Each structure stands twice: as C-alpha cells, then as structure tokens.
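Encoded as structure tokens, the structure appears first; notes follow it.
Every value quoted in this text rests on a predicted model; they were computed, and no experiment measured them.
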Amino acid sequence: MTRCNSGTLRLWRPRGPLTSWLQTGHIGKVSQVRSSPFYTQHHPKTFKSTHYPLHTVTTPTTTTTTTVLLPTRSYYSTAIMSSGFSNTSGVKHPDPYKEANLDTQVSTQTKLDDLSKFMDASKFCMMTTVNPKTHQLVSRCMALAGQENGGLDLLFHTNTESGKTDDLAADTHINVGFLNNSGEWASVSGTTEIITDRELVKKHYKPHLKAWVGDLGDGIHDGSANDPRIGIIRVKMATAHYAISHKNIAGRLTEVAKGVVTGDTAVVNKLREISEEEVSKLRLTH
C-alpha cells in the first residue's frame, strides 16, 4: 500500500471483501464504501494497464473521505493510451488516419453487403479462440465455407475432435480476421456454436475435407459427409471492422508519397465499423 501526494491510497492485490480488508490494519474503522467510475493507470515500462474502480471510504472518526484505488483486472497492450502518452495539442484529431479514412456516408446494409463480398473474395482467414488451459489467444487459418443471414453468420468446417472446438466449448467468444494481398482487411468478432446437423454439414461439404480429417478405416470415420467428426462452426457476428480500398495500387502509392512529402494523411481506404446496435437491427430483417 502506498500513499500518493494527493492523499489517495493505492491498495494492491487485496484479499477478501473490500470493507473487511480495509478494516484489517490498513485504514481502520470503515463506515461506508461507495463505488465510483473507473480510473486507469498505465505503466510505461511493461505496457501494463490496470483499471481501478474508485471507492470512497468514510471513517467514523473523521469528517473527510479517502479515495481508494482497488485493482480488479489487468491486461497487456502494446498500444499507447492517449490518456497518458498523447503529445497532441488537442486542436487536431489524435488519430488522423482514422479521421481521414473513416467512411460514415453509407447505409448499414451497404456496409454489410460490402463486407460479405470481401469475405467471400478473400476466402481464407485467421480464426482466434481462447485456450481454456493457458488462457492464451490461439489463431489458425480457416477457409470460409458459407454465409448465412446476408453475412451476419459465418460458417466454417471443423473436426469436432480438434483443439479449436475444445476452445470454443469452454469460451464461445471468437474473432476471425481476413486479409488480402492488397492490404484490405476485415475483423469480425462474435460468439459461436458447433453444429453437427448432418443436413447442414452435407449442404456445405466438400470432397477435399477428407484430406484433412483422414479415413480411420472403421467404415464410419471415413472423411465423408456422414463422418460424425465433421461439423460446422457458426460464427454469429457481434461487431465488425474492415477496410476496403477505393483506389488502385498506383493511386494508393501516390497518396502515401504525397503524405511523406507534405505531412498530409494518406486517404487510401474506406474504414467502416458495424456496431452491436447495427447488427441487432440487421438481424431483424435477415
């Protein structure tokens, strides 16, 4: 526990209920603990950002209150947080690339349609899940097998005995990221369900799947559409972010070269975002 110049107490890694922990020799008698909004502290040496809910603590022997910063969760990030490292004057947008390229002049349906076309054209993506044992993110290349509801739901073949299905059984949250050789990309986050319905599997089955799951020689696990190991991962979109280009390679190179000389931000992509609210509205019509 350390005391800041401001008089604020920082309490690190408490055990047990907050009030009991404060009373056990740390602050003394506590009559009230009131929660307030989050405070974020960034540690520059480790790139570790810790989020603290602010608790106002009132003791019966004083007429003043003490604010306690209680750490609840941490994550590592290589991104520089604007709250602690921004050198901008506040006159201009701190992220000029996003400001210059963000496309907000299209309808939600157009955003979904263009995203769907891009994913179909890209075909391959990196699917990221959470390993339930190590809690580390794991990515692997996957081929898009199909789309449902206009692109709101994505389908991928899977061997139901594989590690990724074990990951998703423990944590259904997922991200799939598409990238083409022109630098256009898409990121779709959502949740998943594993489908073993044979009609859906047969609808999207391709003979080359046998090369991936193999024939175990028992007459059942033979890599065919009837192989019970073959299932479908359905990714249900929650949010999406993507960038498609509205210029050819020559046009983009010209924009970048101009930016190097003049300091102007290169306008090379259409950055688009589909929010949770927009996805919910789209599902009403798809």
Side-chain angles (χ1 to χ4, degrees), residues 13-15 38 40 42-43 46-53 70-79 81 112 115-116 118-119 122-179 185-198 200-201 204-205 209 212-213 221 227-242 272-283 286:
R13 300 184 182 279
R15 295 293 184 268
F38 278 88
T40 300
H42 190 69
H43 307 275
T46 61
F47 293 102
K48 185 178 181 181
S49 301
T50 306
H51 297 262
Y52 307 90
L70 175 65
T72 55
R73 65 183 178 89
S74 301
Y75 64 90
Y76 287 85
S77 172
T78 55
M81 297 183 63
L112 179 62
L115 172 61
S116 176
F118 175 74
M119 293 187 295
S122 299
K123 182 67 175 179
F124 295 99
C125 70
M126 295 299 289
M127 175 181 286
T128 303
T129 59
V130 180
N131 184 298
K133 294 181 179 179
T134 65
H135 305 293
Q136 299 296 320
L137 299 177
V138 182
S139 299
R140 75 282 291 162
C141 185
M142 298 286 287
L144 184 64
Q147 299 186 40
E148 295 177 331
N149 299 320
L152 291 172
D153 299 331
L154 309 179
L155 305 179
F156 299 88
H157 294 113
T158 186
N159 180 343
T160 56
E161 302 300 317
S162 68
K164 58 183 172 292
T165 53
D166 291 339
D167 291 353
L168 295 172
D171 188 337
T172 63
H173 292 90
I174 198 169
N175 177 270
V176 290
F178 296 82
L179 176 69
W185 57 268
S187 172
V188 176
S189 297
T191 56
T192 58
E193 54 184 347
I194 308 298
I195 309 298
T196 56
D197 176 71
R198 300 331 297 171
L200 184 63
V201 170
H204 297 281
Y205 178 81
L209 289 172
W212 297 104
V213 299
H221 303 90
D227 189 327
R229 293 174 298 166
I230 298 178
I232 295 285
I233 296 175
R234 175 182 283 138
V235 176
K236 301 180 73 64
M237 181 192 300
T239 62
H241 302 74
Y242 68 98
R272 294 175 178 173
E273 301 174 352
I274 305 177
S275 68
E276 286 188 85
E277 182 180 1
E278 289 175 316
V279 170
S280 296
K281 290 180 179 179
L282 285 167
R283 289 195 182 278
H286 288 78

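Side chain of Lys236 to main chain of Leu152: no donor-acceptor pair is present (N/O by atom type, distance under 3.5 Å, no hydrogens or angles). Judged purely by atom type and a 3.5 angstrom limit, Thr192 has no side-chain atom pairing as donor or acceptor with the backbone of Arg234. Checked by atom type and distance alone, the side chain of Ser116 never pairs as donor or acceptor with a backbone atom of Leu112 at under 3.5 Å. In this structure, the side chain of Thr165 engages the main chain of Ser162 through a donor-acceptor pair within 3.5 Å.
Here the options are Ile232, Asp227, Ile195, the test is side-chain contact (heavy atoms from CB on, under 4.5 Å), and the partner is Val201; only Ile232 passes. For the pairing with Met127, the side-chain contact (heavy atoms from CB on, under 4.5 Å) check across Ile174, Asp167, Thr158 returns one residue only, Ile174. Here the rule is side-chain contact (heavy atoms from CB on, under 4.5 Å) with Ser187, and of Leu179, Thr239, Asn175 only Asn175 fits it.
Nearest approach of Gly150 to His286, heavy atoms of both residues: CA-CD2, 4.1 Å. Contact detail for Glu161 and Arg229: the closest heavy-atom pair is CG-CG, 4.2 Å. Phe156 approaches Ala143 most closely through the heavy-atom pair CD2-O, 3.3 Å. Shortest non-hydrogen contact noted between Lys123 and Phe178 is O-CE2, 4.1 Å. Smallest separation of non-hydrogen atoms from Leu115 and Ala240: CD2-CB, 3.7 Å. Of all heavy-atom pairs between Asp153 and Asn149, the closest is OD2-ND2, 2.6 Å.
A donor-acceptor pair shorter than 3.5 Å can be found between the side chains of Arg140 and Thr129.
Around atom NE2 of His173, no more than 12 heavy atoms belonging to other residues, nucleotides or ligands sit under 6.0 Å away.
For the atom pair Thr191 OG1 and Asp171 CG, the distance stands at 10.0 Å (nearest 0.5 Å). Interatomic distance, Met237 CE to Glu148 CD, rounded to the nearest 0.5 Å: 12.5 Å. With values rounded to the nearest 0.5 angstrom, His204 atom NE2 is found 13.5 Å from Ile230 atom CD1. Within the model, atoms CD1 of Ile233 and OG1 of Thr160 stand 10.0 Å from one another, a figure rounded to the nearest 0.5 Å.
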Side chain to side chain contact (heavy atoms under 4.5 Å, CB included) between His241 and Trp185, intermediate numbers included: CA-CA 9 Å; His241 302 74; Trp185 57 268; 4.1 Å; yes
Run Ile194 and Lys164 through side chain to side chain contact (heavy atoms under 4.5 Å, CB included) and show every step you take. CA-CA 11 Å; Ile194 308 298; Lys164 58 183 172 292; over 6 Å; no
Does the pair Trp212 and Asn159 meet the rule for a side chain to side chain contact (heavy atoms under 4.5 Å, CB included), with working shown? CA-CA 9 Å; Trp212 297 104; Asn159 180 343; over 6 Å; no
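Applying the salt bridge (Lys or Arg N to Asp or Glu O under 4.0 Å) criterion to Lys281, with sequence neighbours excluded, gives Glu277.
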